[in-house]
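First comes the structure, then the notes that go with it.
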Amino acid sequence: MKLTIRKDQLNDAIQQVSKASSTRPAIPILGGIKIDVNHQGVTLTASDTDISIQSFIPVENGEFVIAKVEKPGSVVLPAKFFVEIVKKLPSDELEIEVKDHFQTMIRSGSTDIQMVGLDPEEFPVLPTIEQSESIAVPGDLLKSMIRQTVFAASTSEQTPILTGTLWNMTEGQLKFVATDRHRLASRTATVEAPEGYRFSNVVISGKTLNELSRIVPDDHTHVDIVVAENQVLFKVGNVLFYSRILDGTYPDTSKIIPQHFKTELVLPTKKLTDAIDRAYLMSREEKTNIVRLVTQEDGSIEISSSSTELGRVTEQVEVKEMTGEQLRIAFNSKYMLDTLKVIDSEYIFVGFTGAMSPIIIKPTDHPHSLHLILPYRTTG
């Protein structure tokens, strides 16, 4: 194998695929990036078996030549070193040549590097996915849906299914749900899909979705999503991102969401966030994160927290609307802050059905998001 390639194009592709290479591989090959070269272009692949990312660099893009292929071939190079070295090469172009026993020479300017390559035949084969039906989601929308749900997924491997986000698709509506049993986040969006297309119980790891989010563009560029039996394929331009679907059945969370409330508040999102943020500083010192919310006779709410060593924080927040009973409730301030920071609306709706019932938080300007936090039982 021998080729000359533009450094910037190779570097961009390596940065994308390296997110799938294993940092502590069970077998050395999983810590590598596979390079396949033919006369159409260069394909880079990395995989840790949970996710696989593949990026294709064509030999030319119409405007200029990206790569000149002298001899097709394949090799696997150690990802960590390859990523760092390509970034630091001195010239705008580099030459890669693979010799006997996968010894690989990289030349750029006056720099000569010799790397020990691995046999590409030992690299895992990418999943075969029938790409007959797919849905198309704008990149900015997909990133937003991930951001507004994935934070609520569990980080405990004791219940692996809850470390993921549940995806359901029906009647053109794509819905994400994440929960760690103490809080829940859901987000729905209308997407382009074949008529009658549906799927359910597709659960994708939160870590995987965070990695995907780094690859997805911030603009309206469409991401094509293909769901197979145990894999999901995301197509972003010349990049293919494969994710394993988590095993197991996601719990039915619909029954825990109250439909009627004893107390309803409409609050300014930023003022409430700032007030809870200040109260969180005190509650964090107490290592409880507990903040209290009490409705006041004058139509405001009081946010407070206390620490036996430091003292107490109390402040009033004006309420835009309040209906129902007076209320006194305690909750985890970090969970509430995580929720408030992903809601982009100026005002939020907060619904309560009692001191020990789930708290529901929704934006006021659209019906596509819903968040739930379980309150704390406290004394005093």
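Excluded from the calculations below are hydrogen atoms, water molecules and symmetry mates; all remaining heavy atoms, backbone and side chain alike, are included. By convention here, the first residue in the shown sequence is residue 1. This one's a predicted model, so the numbers in the text were calculated from it and none came from an experiment.
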Mind checking side-chain contact (heavy atoms from CB on, under 4.5 Å) for His101 and listing every partner two or more places apart, or none if nothing turns up?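 His101: no side-chain contact (heavy atoms from CB on, under 4.5 Å) contacts found.
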
Salt bridge (charged side-chain N to carboxylate O under 4.0 Å, His left out) involving [X] - partner list, sequence neighbours excluded:
X      : result
Asp252 : Lys255
Asp8   : Arg6
Asp140 : none
Glu264 : none

Considering only distance and modelled atom types, tabulate donor-acceptor pairs under 3.5 Å from the side chains of residues 182-193, sequence neighbours left out.
from	atom 1	to	atom 2	distance (Å)
Arg183	NE	Asp180	OD2	3.3
Arg183	NH1	Asp338	OD2	2.8
Arg183	NH2	Phe151	O	3.2
Arg187	NE	Gln148	OE1	2.6
Thr190	OG1	Gln173	NE2	2.6

Distance-only criterion, 3.5 Å: show the donor-acceptor pairs between side-chain atoms of residues 224-247 and protein atoms not counting sequence neighbours.
from	atom 1	to	atom 2	distance (Å)
Lys235	NZ	Gln131	OE1	2.8
Arg244	NE	Asp50	OD1	2.9
Arg244	NH2	Asp50	OD1	3.2

Other than Val125, what residues sit in its cluster of Ile, Leu, Val, Met, Phe, Trp and Tyr side chains whose heavy atoms are under 4.5 Å apart, directly or through others? none

Sidechain-backbone polar pair: Ser213 side chain, Leu209 backbone, donor-acceptor under 3.5 Å: no

Mind checking ring pair (Phe, Tyr, Trp, His ring centres under 6.0 Å) for Phe82 and listing every partner two or more places apart, or none if nothing turns up?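 Phe82 satisfies ring pair (Phe, Tyr, Trp, His ring centres under 6.0 Å) with no residue once adjacent residues are dropped.
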
One pair to check against side chain to side chain contact (heavy atoms under 4.5 Å, CB included): Glu93 and Lys7. What are the steps and the verdict? CA-CA 5 Å; Glu93 278 193 342; Lys7 173 185 154 181; over 6 Å; no

Test: side-chain hydrogen bond (donor to acceptor under 3.5 Å, both in side chains). Region: residues 68-90. Which pairs qualify, not counting sequence neighbours?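 Residue pairs passing side-chain hydrogen bond (donor to acceptor under 3.5 Å, both in side chains), neighbours aside: Asp36-Ser74.
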
Are the side chains of Thr45 and Leu126 in contact, using a 4.5 Å heavy-atom criterion?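 Answer yes - side chains close enough.
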
Residues that Ser307 engages under side-chain hydrogen bond (donor to acceptor under 3.5 Å, both in side chains), provided they are two or more places apart: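 By the side-chain hydrogen bond (donor to acceptor under 3.5 Å, both in side chains) rule, Ser307 matches Glu286.
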
Please list, one pair per line, the donor and acceptor atoms closer than 3.5 Å that link side chains of residues 347-363 to other protein atoms, with sequence neighbours excluded.
from	atom 1	to	atom 2	distance (Å)
Thr353	OG1	Ser357	OG	3.4

